[in-house]
Amino acid sequence: MSDHNPKEPNINSLSLDLTQLIFSSLPLPSLLRASAVCKLWNSLISSPSFTSPCLSYPWFFLFGLHNTSSRNNQSFAFDPLSNAWFLLPRLDDPSSSSAFLGSNGFFFTTTPNFSYTPVLKSAWRFTSPLKFSRLNPLLGVFYDGSSGGFGFKFIVVGGVRFIGGLVDIEDRLAVEIYDPNRDSWELCPALPADFRSGNSSQSLSSALFKGKFYVFGIYSCFVSSFDLRNRVWSEVQTLRPPGVIFSFLIPCNDMLVLAGMCNNAPRGPSFNLWKIDETTLEFSEISIMPQSLLHSLVESEEDENFASLKCVGMGNLIYVFNEEYHQKYPSCLCEISAENGKCSWRRVPQLPLPVNKFHKVISFCSTVSLTHSFPQQ
């Protein structure tokens, strides 16, 4: 028998609005556990009307593909509010690992079939075939205000296509946009020819910002934007602050940020952040990573070690990490204040142990959509 006194109030006697208000004050890990308690709580937490401050903070997702066995793949998620890593359940990959990607709260496969699943539930949905099957494209998830059904669409840009077992370096691969409501792909103008020599996600970064999908060359520093409404590319320009070795374009709240490794003598190696004017592409420095943090990410100041640094971000957070196994994938983050633009750096705790050795690491930054993460019971 229950020890509960029926004359005393309990959470089940509260109104639904008050219950949701209580849930809104919980950290995300507690919300995930609460959603599994019963169907009612699941429906309250996964409701599109549910809001919580913790849902606006971008999490850092790290997915490792093991050298020999997919059973040893590992998925990690870092919650910046609790300052803790979480080991996610093993995700079954319905295709080859070389075609596996992550972006904006979803995992994807691109070949031989295109499929996707929200990061917090393994429920793969297969789409109609791409016009051009490819490996390592750039991927973005955007919302176009469509009413009813799914409000999001996917944009797939570039990538690598194999013909007769060989890489087709001449094919720029047309941009394709997927509408899940119609299960259809729209063919759009191809990536500009300037990106032909390096059109995969290994040499390009991307940023969704104010209705445009920006493509940026990590090493070439070429930049162009695709207008999601008018379906046209802008003129290709070069965005290279002095001394930059490589850099990444990041969407941060109401501004674009360029984050990159520099080697400016006599200051020496540094990791810098610049605010980018999206109209003129002029840049202004806003922060430099503390040297102590930079040295904690690499073993020495040789360029080949710096080359293993990667950067992702969104909202007000930028994550920088080392994708080499011997370093145990160390990372740090920079928080940009919405009030005054001040940048605050800190080290991210080590990943939960044991951590496997991966031949490929997929990283991205995303807020967590509980609406997409939990199926209705």
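Every value quoted in this text rests on a predicted model; they were computed, and no experiment measured them.
- Taking every heavy atom of both residues into account, Val298 and Phe306 meet most closely at CG2-CE2, 3.8 Å.
- The aromatic rings of Phe106 and Phe108 are tilted relative to each other, their planes meeting at an angle between 30° and 60°.
- Taking the six-membered ring for Trp and the full ring otherwise, the centers of Phe271 and Phe246 sit at least 6.0 Å from each other.
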Query raised in the report: For Val156 and Thr110, what are the C-alpha separation, side-chain angles and deciding distance, and is it a side-chain contact (heavy atoms from CB on, under 4.5 Å)?
Result: CA-CA 9 Å; Val156 182; Thr110 59; 5.6 Å; no

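- The shortest non-hydrogen separation linking Phe209 to Asn253 is CE1-O, 3.7 Å.
- When all heavy atoms are compared, the tightest approach of Cys188 to Ile177 is SG-CD1, 4.0 Å.
- Note on ring orientation: taking the six-membered ring where Trp is involved, the planes of Phe154 and Tyr178 are parallel (angle under 30°, cut-offs 30° and 60°).
- Side chain of Ser205 to main chain of Leu249: a donor-acceptor pair is present (N/O by atom type, distance under 3.5 Å, no hydrogens or angles).
- Under the 6.0 Å cut-off for aromatic ring centres, Phe76 and Phe61 do not qualify, their centroids lying 6.0 Å or more apart.
- Scored by the side-chain hydrogen bond (donor to acceptor under 3.5 Å, both in side chains) test, Ser225 finds Ser234 as partners (sequence neighbours excluded).
- Taken to the nearest 0.5 Å, the CD atom of Glu235 stands 9.5 Å off from the CG atom of Asp194.
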Report task. Dump the intermediate steps for side-chain contact (heavy atoms from CB on, under 4.5 Å) on Trp274 and Val257, then the final yes or no. Result -> CA-CA 6 Å; Trp274 297 269; Val257 171; over 6 Å; no

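- Remark: Phe222 pairs with no residue by the ring pair (Phe, Tyr, Trp, His ring centres under 6.0 Å) rule, at least two apart or across chains.
- In this structure, the ring pair (Phe, Tyr, Trp, His ring centres under 6.0 Å) partners of Tyr319, at least two apart in sequence or on a different chain, are Phe60.
- Taking 4.5 Å as the limit, every side-chain heavy atom of Ser206 sits out of range of all side-chain heavy atoms of Tyr214.
- Using a cutoff of 4.0 Å between basic side-chain nitrogens and carboxylate oxygens, Arg134 and Glu176 are scored as salt-bridged.
- Taking the ring centroids of Tyr329 and Phe358, they lie under the 6.0 Å cut-off.
- Between Trp185 and Phe114, the distance from one ring center to the other falls under 6.0 angstrom.
- Proximity of Leu138 to Ser103: side-chain heavy atoms (C-beta onward) are nowhere separated by under 4.5 Å.
- Hydrophobic clustering places Phe364 together with Leu65 (ILVMFWY residues linked when any side-chain heavy atoms are closer than 4.5 Å, directly or through intermediates).
- Among Leu333, Leu297, Val312, the one residue that satisfies the side chain to side chain contact (heavy atoms under 4.5 Å, CB included) test with Val320 is Leu297.
- Looking only at atom types and distance, the side chain of Asn322 has a donor-acceptor partner in the side chain of Ser308 under 3.5 Å away.
- Heavy atoms from other residues, nucleotides or ligands lying under 6.0 Å from CZ of Arg182 number 12 at most.
- Residues Leu204 and Ile218 are not in side-chain contact: their nearest non-hydrogen atoms beyond the backbone lie 4.5 Å or more apart.
- Residues passing the ring pair (Phe, Tyr, Trp, His ring centres under 6.0 Å) test with Tyr219: none are found, sequence neighbours excluded.
- What you find for Pro269 and Gln291 is that their closest heavy atoms are O-NE2, 3.2 Å.
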Acceptor/donor pairs from residues 278-287 side chains to any protein atom, 3.5 angstrom cut, sequence neighbours excluded:
| from | atom 1 | to | atom 2 | distance (Å) |
| --- | --- | --- | --- | --- |
| Glu278 | OE2 | Lys210 | NZ | 3.1 |
| Thr280 | OG1 | Glu282 | N | 3.2 |
| Glu285 | OE1 | Asn272 | ND2 | 2.9 |
| Ser287 | OG | Trp345 | NE1 | 2.8 |

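- Using a 4.5 Å cut-off on side-chain heavy atoms (C-beta onward), Leu256 and Ile250 make no contact.
- Within the model, atoms OG1 of Thr111 and CZ of Phe100 stand 14.5 Å from one another, a figure rounded to the nearest 0.5 Å.
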**Report entry** Leu351/Leu62 under side-chain contact (heavy atoms from CB on, under 4.5 Å): CA gap, chis, key distance, verdict
**Finding:** CA-CA 10 Å; Leu351 283 167; Leu62 198 65; 3.8 Å; yes

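- Evaluation of the side chain to side chain contact (heavy atoms under 4.5 Å, CB included) rule for Ser247 yields Phe216, Cys221, Val244, Leu258 as partners, not counting sequence neighbours.
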**Report entry** Verdict with supporting geometry, Ile155 and Val175, side-chain contact (heavy atoms from CB on, under 4.5 Å)
**Finding:** CA-CA 7 Å; Ile155 180 170; Val175 174; 3.8 Å; yes

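- Listed by first then second residue, pairs satisfying salt bridge (charged side-chain N to carboxylate O under 4.0 Å, His left out) with a partner in residues 307-321 read Lys310-Glu323, not counting sequence neighbours.
- Among residues two or more places apart in sequence or in another chain, the side-chain hydrogen bond (donor to acceptor under 3.5 Å, both in side chains) test is passed with Asp227 by Asn230.
- When atom types are taken as modelled, the side chain of Ser128 and the backbone of Asp183 share a donor-acceptor pair closer than 3.5 angstrom.
- The side-chain hydrogen bond (donor to acceptor under 3.5 Å, both in side chains) search around Arg125 returns Tyr116, not counting sequence neighbours.
- Residues Asn104 and Ser366 share a closest heavy-atom pair of C-OG, 3.4 Å.
- Below 30°, between 30° and 60°, or above 60°: for Phe86 and Trp59 the angle between ring planes is below 30°, a parallel geometry.
- At least one side-chain heavy atom of Asn73 sits under 4.5 Å from a side-chain heavy atom of Phe63.
- Judged by distance alone, with hydrogens and angles left aside, the side-chain atoms of Asn356 form a donor-acceptor pair with the main-chain N or O of Asn72 at under 3.5 Å.
- Side-chain atoms of Leu317 and Cys334, non-hydrogen and from C-beta on, never get closer than 4.5 Å to each other.
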Query raised in the report: Please walk me through it: do Asn136 and Lys360 pass side chain to side chain donor-acceptor pair (under 3.5 Å)?
Result: CA-CA 12 Å; Asn136 293 326; Lys360 182 179 179 182; 3.1 Å; yes

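- Judged as a salt bridge (charged side-chain N to carboxylate O under 4.0 Å, His left out), not a single pair has a partner in residues 246-257 (not counting sequence neighbours).
- Not one N or O on the side chain of Arg346 forms a donor-acceptor pair closer than 3.5 Å with the backbone of Glu335.
- The minimum heavy-atom distance between Pro192 and Val236, with the atom names listed, is CB-CG2, 3.6 Å.
- Every residue two or more places apart in sequence or in another chain that forms a side chain to side chain contact (heavy atoms under 4.5 Å, CB included) with Pro189 is listed here: Phe226, Trp233.
- Scanning for side-chain hydrogen bond (donor to acceptor under 3.5 Å, both in side chains) contacts around Glu339 gives Ser337, with sequence neighbours left out.
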